[in-house]
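In what follows, chains are A, B, ... by sequence order, proteins preceding strands, each numbered from 1. Excluded from the calculations below are hydrogen atoms, water molecules and symmetry mates; all remaining heavy atoms, backbone and side chain alike, are included.
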Amino acid sequence: GEDVEQSLFLSVREGDSSVINCTYTDSSSTYLYWYKQEPGAGLQLLTYIFSNMDMKQDQRLTVLLNKKDKHLSLRIADTQTGDSAIYFCAESMTGYSTLTFGKGTMLLVSP
Amino acid sequence: DARVTQTPRDKVTEMGQEVTMRCQPILGHNTVFWYRQTMKQGLELLAYFRNRAPLDDSGMPKDRFSAEMPDATLATLKIQPSEPRDSAVYFCASGLVLSGSPGTQYFGPGTRLTVL
């Protein structure tokens, strides 16, 4: 079945870059997403990438997709304390499919 | 700024009581999802609707959980009777699902349920 895996925890210093990694098993995944969850809040879509792309950049965020290795990463440049949150990777086969979420990576940014 | 709203935000109840959670999806969205989040299991999909019709509720314990969408502006999730193991944060999400477009979901703030 489908599976999405992420490391559970990442700690960085303010100003450094953060890289959050994700692997997925379903080779027919069409869309891959990154969501952010702040304490006490719902998940907020950060960005998504279509499977025929290998990179997408949006301000401080860079998404890299290695389809051969089924590996997705989210790089946050110049990480700020406000970036501290849980980051979820998710995948779907089509726009009509449901999303399969990883268990989330907790990012802690220290001053 | 359109948002998914959920009520109540927090609910504490005793085992055996009925719990009803409500969700107002973003106007114009055709798909509504219910999720449950726990530390142990992470985010689990309970059920979802498209154009108000239930498409899949296989993630829900059928004997005690029910999900409905009485109209396009309201989705409900009911637990009767509630049990301590139902304690979790319940999220509603909505999205406009169209052919050829990503199935982006927009989440509400969640209902934190504690069953004593």
So, the part of A/Gln44 with a heavy atom under 4.5 Å from chain B: the answer is neither
So, the part of B/Gln41 with a heavy atom under 4.5 Å from chain A: the answer is backbone
Determine whether A/Leu99 and B/Gln105 make a side-chain contact, defined as any pair of heavy atoms from C-beta on separated by less than 4.5 Å.
-> yes
Honestly, the part of A/Leu45 sitting under 4.5 Å from a heavy atom of chain B is side chain
The ring-ring contact (aromatic ring centres under 6.0 Å, His included) partner of B/Phe107 among B/Phe33, B/Tyr35, B/Tyr90, B/Trp34 is B/Tyr35
Checklist line | Within the 6.0 Å centroid threshold, strictly below: B/His29 and B/Tyr106 | finding: yes
side-chain contact (heavy atoms from CB on, under 4.5 Å), that's the test. Do A/Leu61 and A/Leu74 meet it? Break it down for me. CA-CA 7 Å; A/Leu61 304 180; A/Leu74 174 69; 4.3 Å; yes
From the list A/Ala41, A/Gly104, A/Gly42, the residue making the most non-hydrogen contacts under 4.5 Å with chain B is A/Gly42
Angle between ring planes, A/Tyr48 versus A/Tyr33, binned at 30° and 60°: parallel, tilted or perpendicular?
tilted
Bottom line for A/Phe88: the part with an atom under 4.5 Å from chain B's heavy atoms is side chain
